[in-house]
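Encoded as structure tokens, the structure appears first; notes follow it.
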Amino acid sequence: MPPVLCIDISMHPDAFGVVGKSIKLKCSFTSSYPISDIVAVDWTYRQLNGGSTVTILHFQNKPYPILEGPFKDRIIWEGDVRRGDASISLTDLRLTDNGTLSCIVWNPPDVHGNVPQTKLTVTIENLFFQFNTVILLSALVFIPSALVSLLLLIRMRRSINRGRTKNLKWRKKSPIEESQDCVYDDNENTPLHPTLPQEQSPGCFMKFCLRCLDDSDED
């Protein structure tokens, strides 16, 4: 039995287009037999919601686009069969163009092979553009808000720290707190004031007593 010759066809599984724009649908093939003048290509289309499969373009030496149907006057041949390219372009895309397209190639005696499909999805706007727009708008709103919040927090923290420092500076100490500020000499039991010389210090006990007397007079 002679070996069975097969042609290998490749297409992208998904294609995304925008209403009113054009899209190129790529189809490449390799054959175990040299490309001849009788090589033929058929592009077929089937709507997304089902229905019959229709041929929208036939190529043999030159392209023959359909004269009637959903892609009338909107198909452009972009291929070069000598280089294994059978691509086409669809122009003026519409939402009703959503569906599956197939590329079938015959290069006798290579007439058997796989039949790949491309699922065409047409949207009003480019999905990638929509995604980038959302990211950009989020960044324009979030970054300034975060900076303003950070500055407000820094100013609030500084105000709180200044208020605490001012309160500590002007708060009147009690006699017990002033007695705790005294420093005791290691060799003597007499407390010394930390800011006055030792020979001029009245002693913490004396200060405590004098402060108590002052408070009693005020009362």
Side-chain angles (χ1 to χ4, degrees), residues 1-140:
M1 294 290 295
V4 177
L5 303 178
C6 294
I7 191 167
D8 184 51
I9 307 171
S10 299
M11 297 177 66
H12 291 294
D14 296 288
F16 300 92
V18 181
V19 171
K21 303 295 183 179
S22 301
I23 187 172
K24 183 176 181 179
L25 303 177
K26 294 183 178 181
C27 174
S28 59
F29 65 91
T30 57
S31 176
S32 56
Y33 195 81
I35 304 299
S36 64
D37 293 335
I38 58 175
V39 63
V41 179
D42 271 354
W43 274 88
T44 62
Y45 169 77
R46 187 171 184 265
Q47 289 183 342
L48 190 62
N49 57 0
S52 59
T53 301
V54 296
T55 299
I56 59 174
L57 181 140
H58 175 75
F59 177 91
Q60 190 167 9
N61 292 324
K62 66 177 184 178
Y64 297 91
I66 58 171
L67 300 178
E68 298 293 337
F71 295 100
K72 178 184 177 181
D73 300 327
R74 296 194 294 131
I75 306 176
I76 301 175
W77 172 257
E78 300 277 5
D80 184 354
V81 293
R82 293 294 179 181
R83 297 183 178 181
D85 186 3
S87 303
I88 63 171
S89 288
L90 302 178
T91 62
D92 190 20
L93 291 175
R94 305 166 186 173
L95 293 176
T96 55
D97 293 340
N98 290 323
T100 56
L101 296 101
S102 298
C103 176
I104 308 170
V105 182
W106 295 273
N107 182 42
D110 290 358
V111 293
H112 300 285
N114 61 315
V115 182
Q117 291 183 340
T118 292
K119 181 180 178 181
L120 175 62
T121 303
V122 180
T123 57
I124 297 178
E125 286 186 354
N126 192 312
L127 295 177
F128 181 75
F129 174 77
Q130 290 179 343
F131 181 71
N132 284 346
T133 302
V134 171
I135 293 179
L136 180 60
L137 292 177
S138 300
L140 291 177

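Residue numbers start at 1 and run along the sequence shown. Everything quoted here is computed from the prediction, not taken from an experiment. The figures that follow rest on heavy atoms only: side chains count, while hydrogens, waters and symmetry mates do not.
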Show me, pair by pair, the donor-acceptor contacts under 3.5 angstrom made by side chains of residues 75-84, not counting sequence neighbours?
from  : atom 1 : to    : atom 2 : distance (Å)
Trp77 : NE1    : Gly79 : O      : 3.1
Glu78 : OE2    : Ser89 : OG     : 3.0
Asp80 : OD1    : Arg82 : N      : 3.3
Arg82 : NH1    : Ile35 : O      : 2.8
Arg82 : NH2    : Asp37 : OD1    : 2.3

Determine whether a donor-acceptor pair (N or O, by modelled atom type, separation under 3.5 Å) exists between the side chain of [X] and the backbone of [Y].
{"X": "Asn114", "Y": "Ile9", "result": "yes"}
{"X": "Arg74", "Y": "Thr91", "result": "yes"}
{"X": "Thr53", "Y": "Arg46", "result": "no"}

Please round to the nearest 0.5 Å and tell me the distance separating atom [atom1] of [X] and atom [atom2] of [Y].
{"X": "Asn98", "Y": "Thr123", "atom1": "CG", "atom2": "OG1", "value": "8.5 Å"}
{"X": "Tyr45", "Y": "Gln117", "atom1": "OH", "atom2": "CD", "value": "12.5 Å"}
{"X": "Asp97", "Y": "Gln47", "atom1": "CG", "atom2": "CD", "value": "9.5 Å"}
{"X": "His12", "Y": "Ser28", "atom1": "NE2", "atom2": "OG", "value": "8.0 Å"}

State, to 0.1 Å, how close [X] and [Y] come at their nearest heavy-atom pair, and which atoms those are.
{"X": "Ile23", "Y": "Ala15", "value": "CD1-CB, 3.8 Å"}
{"X": "Phe29", "Y": "Ile7", "value": "CD1-CD1, 3.8 Å"}
{"X": "Leu93", "Y": "Val18", "value": "CB-O, 3.5 Å"}

Within the supplied structure, the quantity of interest is the number of heavy atoms (other residues, nucleotides, ligands) at a distance under 6.0 Å from Lys24 NZ; does it exceed 12?
yes

Derivation of the side-chain contact (heavy atoms from CB on, under 4.5 Å) call for Leu48 and Lys119:
CA-CA 9 Å; Leu48 190 62; Lys119 181 180 178 181; 4.0 Å; yes

Test side-chain contact (heavy atoms from CB on, under 4.5 Å) on Leu90 and Leu120 and set out the steps.
CA-CA 11 Å; Leu90 302 178; Leu120 175 62; 4.0 Å; yes

Using atom types as modelled, flag every donor-acceptor pair under 3.5 Å from a side chain in residues 100-108 to any protein atom, sequence neighbours excluded.
from   : atom 1 : to     : atom 2 : distance (Å)
Ser102 : OG     : Pro116 : O      : 3.4
Asn107 : OD1    : Ser36  : N      : 3.3
Asn107 : OD1    : Ser36  : OG     : 3.4
Asn107 : ND2    : Ser31  : OG     : 3.0
Asn107 : ND2    : Tyr33  : O      : 3.1
Asn107 : ND2    : Pro34  : O      : 3.3

Listed pairs under 3.5 Å, donor-acceptor, residues 54-70 side chains, sequence neighbours left out:
from  : atom 1 : to    : atom 2 : distance (Å)
His58 : ND1    : Asp42 : OD1    : 2.5

Ignoring hydrogens and geometry beyond distance, is a side-chain donor-acceptor pair present between Thr121 and Asp14 at under 3.5 Å?
no

